[in-house]
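Both backbone and side-chain heavy atoms feed into the values below; hydrogens, waters and symmetry mates do not. Numbering starts at 1 and runs along the sequence shown.
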Amino acid sequence: QVHLVESGGGLVQAGGSLKLSCAASTRNFSAYAMGWLRQAPGKEREFVAAINWSGENTYYPDSMEGRFTISRHNAKNTVYLQMNSLKPEDTAVYHCAAHLSSDWLNPYNPYEYPYWGQGTQVTVSS
């Protein structure tokens with residue numbers, strides 16, 4: 001249904017910023033809620049951010065609120081994650097994810113998103 005490709009990861013100093021991009025290949029991008037999830041070695045999959053189909057509603061865990069911002073451009077089939085004030089504990093592989101809006105029950109559940117990109121590595125140094 002949808003193919004996702006992330007970009008924009010890299011190495012950044014603590015306190016710095018990165019902006020991730022996710023290009024979605026689908027004919028009905030606006031039908032999907034979009035999210036960002038991350039996976040660090042030895043840790044469980046973690047929810048980072050989500051956005052509804054129109055961009056009117058966004059969702060973040062408390063640890064990301066005020067630091068991370070998710071946005072989307074439906075005309076470009078693209079979703080973004082602006083990350084500011086990065087911390088070493090933010091180091092992980094960041095995955096773009098998608099879920100049909102009609103079945104989107106819990107935006108905060110990182111295991112509910114059926115479509116994943118391969119991820120982009122974000123490393124935050126001390």
Side-chain angles (χ1 to χ4, degrees):
Q1 287 284 320
V2 58
H3 180 66
L4 307 171
V5 179
E6 304 93 334
S7 61
L11 176 64
V12 65
Q13 191 176 8
S17 299
L18 281 175
K19 188 173 184 177
L20 308 183
S21 297
C22 172
S25 297
T26 176
R27 63 191 301 266
N28 298 112
F29 182 63
S30 63
Y32 293 92
M34 301 297 298
W36 288 94
L37 313 172
R38 68 188 185 187
Q39 183 78 59
K43 299 183 65 177
E44 293 186 5
R45 189 184 307 168
E46 184 180 17
F47 172 78
V48 175
I51 189 167
N52 80 323
W53 72 271
S54 67
E56 295 292 334
N57 302 111
T58 57
Y59 309 85
Y60 309 92
D62 291 342
S63 59
M64 285 81 167
E65 186 73 49
R67 299 194 302 123
F68 292 6
T69 303
I70 188 172
S71 61
R72 67 191 295 165
H73 282 266
N74 285 349
K76 298 180 179 180
N77 281 23
T78 304
V79 63
Y80 307 94
L81 183 68
Q82 177 67 52
M83 303 185 293
N84 300 323
S85 301
L86 284 164
K87 306 173 182 179
E89 52 262 44
D90 294 319
T91 296
V93 176
Y94 283 71
H95 297 270
C96 181
H99 198 299
L100 282 170
S101 296
S102 59
D103 298 328
W104 203 36
L105 300 179
N106 183 7
Y108 301 94
N109 183 5
Y111 299 97
E112 198 63 38
Y113 295 82
Y115 305 105
W116 289 65
Q118 290 188 335
T120 184
Q121 177 70 46
V122 172
T123 303
V124 184
S125 62
S126 300

Residue list, side-chain hydrogen bond (donor to acceptor under 3.5 Å, both in side chains) with [X], at least two apart or on another chain:
X    : result
S25  : none
N77  : none
N106 : none
E112 : N109

With sequence neighbours excluded, residues passing ring pair (Phe, Tyr, Trp, His ring centres under 6.0 Å) with [X]:
X   : result
F68 : none
Y80 : H73
W53 : none

Residues which pass salt bridge (charged side-chain N to carboxylate O under 4.0 Å, His left out) with E46, listed by chain and number, not counting sequence neighbours: R38
Partner set under salt bridge (charged side-chain N to carboxylate O under 4.0 Å, His left out) for R45, not counting sequence neighbours: none
Nearest heavy-atom neighbours spanning Q39 and E44: NE2-C, 3.5 Å
Residues in side-chain contact (heavy atoms from CB on, under 4.5 Å) contact with A97, at least two apart in sequence or another chain: L37, Y113
Partner residues of A98 under the side-chain contact (heavy atoms from CB on, under 4.5 Å) criterion, sequence neighbours left out: V2, L4, Y32, M34, Y115
Gap between atom CD1 of I70 and atom OH of Y59 - 0.5 Å precision: 11.0 Å
Distance in Å, R72 CZ paired with N52 CG, rounded so as to fall on 0.5 Å steps: 7.0 Å
Minimum side-chain heavy-atom gap T69-Y60 below 4.5 Å: yes
Student check: side-chain heavy atoms of D90 and M83 closer than 4.5 Å: no
Over 12 foreign heavy atoms within 6.0 Å of CD, Q121: yes
Short side-chain to backbone donor-acceptor contact, T123 and T91, under 3.5 Å: no
Path from W104 to Y108 over hydrophobic side-chain contacts below 4.5 Å: yes
Hydrophobic cluster identity match, F47 and L81, side-chain contacts under 4.5 Å: no
Can you give each donor-acceptor pair under 3.5 Å made by side-chain atoms of residues 6-23, sequence neighbours left out, with the distance rounded to 0.1 Å?
unit_1 : atom_1 : unit_2 : atom_2 : d
E6     : OE1    : Q118   : N      : 3.3
E6     : OE1    : G119   : N      : 2.9
E6     : OE2    : C96    : N      : 2.7
E6     : OE2    : G119   : N      : 3.3
S17    : OG     : N84    : OD1    : 2.9

